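See structure below.
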Protein chains: 2
Amino acid sequence: MANSKLYKGSLTTIILKLLNDNQKMYGYEITQKVKALTNGELNITEGALYPSLHKLEAEGLLDVEVTKVDNRLRKYYKLTEKGTKETSNKLNELQAYIKTIQALVNSNFSLE
Amino acid sequence: MANSKLYKGSLTTIILKLLNDNQKMYGYEITQKVKALTNGELNITEGALYPSLHKLEAEGLLDVEVTKVDNRLRKYYKLTEKGTKETSNKLNELQAYIKTIQALVNSNFSLE
DNA sequence: GTTATATGCATAAGTATTTTATGCATATAT
DNA sequence: ATATATGCATAAAATACTTATGCATATAAC
């Protein structure tokens with residue numbers, strides 16, 4: 001991701017969430033979808049995405065299905081059962097993180 | 001930080017925000033404050049904190065004041081003028097990140 | 001009295017995740 | 001003919017963190 005340091009660590013969660021909502025997606029599609037949904041604010045780099053997808057596949061969270069469209073290769077990924085459970089965990093962790101960080105940042109602690 | 005991968009990248013912002021609210025703090029105090037404010041959920045490790053404080057000082061965002069209390073060393077850090085501005089930037093970036101990631105995670109994009 | 005816990009700072013080695021820089025290939029627009 | 005879009009991939013470097021130490025004083029527990 002070529003934006004802020006803050007996005008570090010959230011790539012996996014983003015991928016899983018997108019696959020959870022869209023049944024199956026291929027790598028390039030994920031980069032374009034994220035860019036569109038964030039109004040260009042978040043750009044996933046290929047150097048981060050592909051190794052991440054391979055890792056998720058190796059961990060048994062994703063299944064792959066290779067197809068050819070317009071003479072070009074596509075690798076569709078979709079969640080396994082294990083992947084669906086992990087998506088739920090990751091989303092809960094993200095919500096907890098946001099809640100915690102919001103609490104830290106939205107108050108003036110010198111008054112406490 | 002010994003918790004989630006999600007916290008990666010937010011340590012600097014947390015430090016700056018705490019110093020912004022508390023005028024001056026020392027390292028150990030920061031670790032305890034964060035632990036208390038997050039009900040033990042977020043634990044900043046010393047291996048992450050001290051190098052980060054040194055870096056912020058080197059960048060001119062923090063000033064240091066060494067004192068001795070009860071025969072023990074303390075290094076109080078406080079924001080410089082530059083540090084105060086950077087705090088504002090970092091907080092804005094954090095809010096933007098939260099907004100973006102929330103949008104990505106709280107919707108069902110397959111319906112769009 | 002000595003052992004654990006708390007206070008306080010520091011650094012080095014290892015790990016994980018990302019950016020940056022490439023590489024290859026096809027299709028389409030200029 | 002050249003640039004841009006589509007599509008996957010990996011390797012080197014940078015970054016930020018965890019884990020493991022090290023040193024030192026004070027206090028509580030046993």
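Small disclaimer: the values here were computed from a predicted structure and weren't measured. Values below: every heavy atom of this structure, side chains too, minus hydrogens, waters and symmetry copies. A note on names: the letters A, B, ... follow the listed sequences, proteins ahead of strands, and every chain is numbered from 1.
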- Note on the structure: Between OH of A:Tyr7 and C1' of D:dA16 the distance, given in whole Å, is 18 Å
- In whole Å, what is the span from the CG atom of A:Asp70 to the P atom of C:dA25? 19 Å
- All side chain to side chain contact (heavy atoms under 4.5 Å, CB included) counterparts of A:Leu73, not counting sequence neighbours: A:Val66
- Query: Mapping A:Leu49 and A:Asn71 onto DNA chain C by nearest heavy atom, which one lands closer to the 5' end?
  - Reply: A:Leu49
- Query: Of all residues at least two apart in sequence or in a different chain, which pass the side chain to side chain contact (heavy atoms under 4.5 Å, CB included) check with B:Lys99?
  - Reply: none
- To the nearest Å, give me how far apart CD1 (A:Ile44) and C1' (C:dT20) are. 17 Å
- Query: Base, sugar-phosphate, or nothing: which does A:Lys68 touch, judged by heavy atoms less than 4.0 Å apart?
  - Reply: nothing
- Query: Are the aromatic ring centres of A:Tyr7 and B:Tyr97 under 6.0 angstrom apart?
  - Reply: yes
- Query: Given atom CG of B:Leu11 and atom P of D:dT15, what is their separation to the nearest angstrom?
  - Reply: 16 Å
- Message: I'd like to check the side-chain hydrogen bond (donor to acceptor under 3.5 Å, both in side chains) partners of A:Tyr76; sequence neighbours left out, ordered by chain and number.
- Response: A:Arg74
- Task: Could you check how far CD1 of A:Ile15 sits from C1' of C:dT17, rounded to whole Å?
- Result: 12 Å
Output side-chain donor-acceptor pairs under 3.5 Å for residues 82-90 of chain A, partner residues at least two apart or in another chain, one line each.
{"unit_1": "A:Lys82", "atom_1": "NZ", "unit_2": "A:Glu59", "atom_2": "O", "d": "2.9"}
{"unit_1": "A:Thr84", "atom_1": "OG1", "unit_2": "A:Thr80", "atom_2": "O", "d": "3.1"}
{"unit_1": "A:Glu86", "atom_1": "OE1", "unit_2": "A:Asn89", "atom_2": "ND2", "d": "3.4"}
{"unit_1": "A:Thr87", "atom_1": "OG1", "unit_2": "A:Gly83", "atom_2": "O", "d": "2.7"}

- Report yes if at least one side-chain N or O of A:Lys55 is closer than 4.0 Å to OP1 or OP2 of C:dT17; otherwise report no. yes
- Item | Separation of D:dT15 P from A:Lys5 NZ (nearest whole Å) | 8 Å
- Message: Generate the contact string for nucleotides 5-14 of chain D. Rules: B means base contact, S means sugar-phosphate contact only, - means no protein heavy atom under 4.0 Å.
- Response: SBSBBB----
- Residues passing the side chain to side chain contact (heavy atoms under 4.5 Å, CB included) test with B:Gln102, sequence neighbours excluded, are A:Gln95, A:Ile98, B:Ile98, B:Asn106
